[in-house]
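Here is how names work: the chains are called A, B, and so on, in the same order as the sequence lines, proteins then strands, and each is numbered from 1.
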Amino acid sequence: MRRTDKYRFYVILGVLVVLQFSLRGRLGDDRVAPDFLLLALLIYTIRARPGPSAAAGFLVGLVRDALTPASFGAGALAHTLVGYLSSWSKAVFFAENLFVNGCLFFAGTWFRNLAVALASGKLKGGLLGWELLVWSPLQSLTTAVAGVLVLWLFGRHLAIRLSDVT
Amino acid sequence: MALGADRYASRADTLAFIACVLLSVAAMSLPERIRDPLARGLRQTVLAPFLALQQRTELLSASLLRYEAVVAQRDSAALAATFLPELRGENARLRGLLGLGQRLSSGYIPAEVLHEPEPSGNLTFIISAGKKQGVKPLTAVVSPEGLVGIVSSVDAQTGVVVTWAHPDFRASAMAADGSVYGIVAPHGTDGPRVWLLELQGVAYRQLVPNGTVILTSGLGGVLPRGIPIGTVVGVAGEAEGWERTYLVRPAVHPAAVTHVMILTGPPSRGDLRSVFESGGGGAGGGGGETP
């Protein structure tokens with residue numbers, strides 16, 4: 001990986017973080033809008049080893065928990081799990097493919113929401129069902145679409161090699 | 001950088017993962033007195049620039065929404081301002097009506113005109129006074145500028161007024177100096193002079209100069225004497241050398257009237273000329289040159 005590619009990689013991740021705090025609020029319902037912060041984490045885990053991915057997930061989750069103190073720690077746990085599993089499973093199972101990456105973004109977002117919902121213990125019964133069966137899939141879908149767009153536009157700069165089968 | 005099987009989790013990765021999980025669980029079990037300052041500290045340091053960015057974005061979004069609201073308010077104000085001259089005119093008419101009421105001192109009923117947006121709305125209209133207020137048929141309806149019409153029928157709460165523009169309207173009239181008498185009737189229902197009156201039956205030898213004010217004569221016992229009807233603006237025609245018909249510009253246009261007074265006193269109460277002379281015409285109801 002060239003030095004300039006590394007620089008661009010972190011710039012793109014930074015842009016995603018900025019989008020999380022600027023653009024996301026204007027993309028409609030908060031429960032459906034793409035999660036750019038999680039997307040940045042997932043893109044990071046595509047390239048990183050599981051250990052740093054877990055650490056990055058923990059940090060991202062902790063920062064998010066600071067914004068939702070009622071379930072402090074749940075986000076850290078969920079993002080740690082997502083970061084580690086994403087990086088590990090990517091190395092073990094998945095090929096470098098745009099569709100597969102899209103599925104990873106979808107599954108990562110949905111699993112993060114599941115983990116937060118369960119770890120926080122705030123959602124129960126019908127509310128949990130709605131969250132996991134309606135809102136989470138929708139948010140996962142928008143996040144996956146945003147992630148695929150990012151990879152399609154900047155995949156070369158992210159040093160993620162995509163196969164021709166997309 | 002290609003991914004490959006060399007990136008399976010090593011022992012260090014596993015340890016890092018377990019450490020992060022343990023830290024997360026520890027964070028979840030933190031008591032509030034530690035958790036809240038920690039969260040606050042993160043918000044005030046790491047998250048501060050991002051929260052400021054989010055705040056500015058929200059502010060920008062709200063500003064855009066407020067801008068639209070301000071533009072809408074400005075447009076509403078501009079629209080309201082277009083009605084300002086009309087409000088001033090109505091205010092002047094109401095003041096004129098009040099002045100007329102004081103001069104009449106008694107024997108009148110104030111009423112609002114309930115205009116209907118129909119083509120015939122200026123020929124007859126409804127007023128907001130009826131039998132309960134003491135309105136009777138065949139009483140004169142006036143505004144500060146002059147004669148509007150005559151009450152044709154009355155209900156309990158409302159009355160129907162036939163204006164001077166109605167084809168059936170007739171009024172006994174005279175020149176302001178009493179030198180000429182005739183019958184006033186609407187000039188016609190079509191053509192450019194549709195909103196003019198005619199002074200009919202004037203003897204051929206009696207010339208009525210333009211600008212002569214025409215008043216009700218009081219003959220016939222229906223309309224009181226001295227109510228301004230209009231001003232002579234020309235000759236409408238001659239009949240075989242024995243009578244002339246003059247065009248009269250009305251003192252008041254029915255469409256411009258919003259409030260009227262129904263004269264309830266007896267027709268023989270006297271000459272109302274002085275009542276209208278001292279205050280009428282200034283309200284600009286029909287553009288007439290009432291004295």
Search all heavy atoms of [X] against all heavy atoms of [Y] and return the closest pair with its distance.
X: A:A66; Y: B:L47; result: CB-CD1, 3.9 Å
X: A:L77; Y: B:V21; result: CD1-CG1, 3.8 Å
X: B:C20; Y: A:F58; result: O-CD1, 3.6 Å
X: B:S24; Y: A:A76; result: OG-C, 3.3 Å

Quiz prompt | From A:Q20 atom CD to B:Q54 atom CD, the distance as rounded to the nearest 0.5 Å | solution =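 These two atoms lie 8.0 Å from each other.
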Exercise. Hey, could you give me the CG/CH2 distance between B:D13 and A:W88, rounded to the nearest 0.5 Å?
Key: 12.5 Å
Self-check item: Validation row: B:L64, A:R26 side chains within 4.5 angstrom (heavy atoms)
Solution: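 Yes, at least one pair of side-chain atoms sits under 4.5 Å.
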Exercise. May I ask you to test the A:Y84-B:T14 pair for a side-chain heavy-atom distance under 4.5 Å?
Key: yes
Quiz item: Between A:G83, A:G51, A:G75, which residue shows the highest count of heavy-atom pairs closer than 4.5 Å to chain B?
Solution: A:G51
Self-check item: Heavy-atom pair count under 4.5 Å with chain B, highest-scoring of A:G61, A:S22, A:S53, A:A54
Solution: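 Answer, by heavy-atom pair count under 4.5 Å with chain B: A:S22.
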Quiz prompt | Evaluation steps, side-chain contact (heavy atoms from CB on, under 4.5 Å), between B:L42 and A:D65 | solution = CA-CA 9 Å; B:L42 284 172; A:D65 284 337; over 6 Å; no
Quiz prompt | Heavy-atom contact with chain B under 4.5 Å, split by part of A:F21 | solution =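 Both parts, heavy atoms under 4.5 Å.
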Quiz prompt | Side chain, backbone, both or neither of A:L62 within contact of chain B (heavy atoms, under 4.5 Å) | solution = both
Self-check item: Pairs of heavy atoms under 4.5 Å with chain A: top-ranked of B:A19, B:A16, B:A27
Solution: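 Result: the option with the highest number of such pairs is B:A27.
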Quiz item: When only pairs under 4.5 Å are counted, which of B:L53, B:I18, B:L22, B:V25 shares the most heavy-atom pairs with chain A?
Solution: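 Ranked by contacts with chain A, first place is B:L53.
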